[in-house]
Amino acid sequence: MTRLAYSLALLMMALPVAAQDSQEVPPPPAPVFDEFRPLPLHEVARQVSDRYAGRLVAAEIRPPRPEERENGVSLVYEFRLVTPRRHMLLIRVDARDSRFLEVAGRGQIEALRSGARTSGKEPGRWDQGGE
């Protein structure tokens with residue numbers, strides 16, 4: 001009789017597990033960090049080089065400034081570019097959508113490549129620190 005009771009107890013424990021397997025279990029919610037996907041730094045650097053003539057000498061990941069955060073920016077790529085006339089430009093770009101947030105420094109209009117002025121993207125603050 002104990003063998004029958006033991007077998008019956010094992011069978012009863014296995015039934016709820018089998019019933020759970022047959023039902024569809026919804027996937028767990030995605031973690032918050034999976035929702036934010038910044039663009040690769042090298043792609044954004046290429047876009048900066050396509051827009052401005054010169055040599056990129058630095059690239060950093062920065063937190064957004066308060067006014068940028070109010071506009072929905074979560075992460076900023078900050079570049080330093082030396083123009084052909086040896087002026088230094090500071091270029092801040094939204095890491096999520098490669099929107100130019102700020103371009104500051106002397107010679108930015110001269111360094112702007114032809115065709116970049118008529119692009120469909122929002123140019124940012126072009127007059128910031130310009131000549």
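What you see is a predicted model; the values in this text were computed from it and never measured.
By the criterion of side-chain heavy atoms lying less than 4.5 angstrom apart, applied directly or through intervening Ile, Leu, Val, Met, Phe, Trp or Tyr residues, I61 is grouped together with L81 in one hydrophobic cluster.
Between atom CG of residue L75 and atom CZ of residue R37 there is a gap of 14.5 Å, rounded to the nearest 0.5 Å. In this structure, L39 CG and R46 CZ are separated by 10.0 Å, a value rounded to the nearest 0.5 Å. Note that CZ of R86 and CZ of R55 are 10.0 Å apart. Values are rounded to the nearest 0.5 Å. The distance from atom CZ of R113 to atom OH of Y52, rounded to the nearest 0.5 Å, is 11.5 Å. E110 contributes atom CD, which lies 10.0 Å from atom CG of L89 (distance to the nearest 0.5 angstrom).
Taking the side-chain contact (heavy atoms from CB on, under 4.5 Å) definition, one finds that L41 meets it with A59, Y77, F79, sequence neighbours left out. Partners of P40 by side-chain contact (heavy atoms from CB on, under 4.5 Å), not counting sequence neighbours, listed by chain and number: H42, E43. With sequence neighbours left out, the side-chain contact (heavy atoms from CB on, under 4.5 Å) criterion links S49 to L56. Applying the side-chain contact (heavy atoms from CB on, under 4.5 Å) test to R80 and every residue at least two apart in sequence or in another chain returns V57, A58, E78, M88, L90.
The shortest side-chain heavy-atom distance between R96 and P38 does not fall under the 4.5 Å cut-off. The side-chain heavy atoms of V76 and D94, taken from C-beta on, include no pair separated by under 4.5 Å.
Geometric assessment of R51 against the ring of F100 yields a positive cation-pi assignment under the 6.0 Å and 45° thresholds.
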Tell me, with the steps shown, if L101 and V73 meet side chain to side chain contact (heavy atoms under 4.5 Å, CB included).
-> CA-CA 9 Å; L101 302 171; V73 177; 4.0 Å; yes
Verdict with reasoning, R106 to R85, per side chain to side chain contact (heavy atoms under 4.5 Å, CB included) | CA-CA 10 Å; R106 292 184 57 111; R85 297 189 82 186; over 6 Å; no
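Within the structure, the salt bridge (charged side-chain N to carboxylate O under 4.0 Å, His left out) test picks out the following pairs touching residues 68-77 (sequence neighbours left out): E68-R92.
Contact between S74 and P64 at its shortest, heavy atoms only, is O-CD, 3.4 Å.
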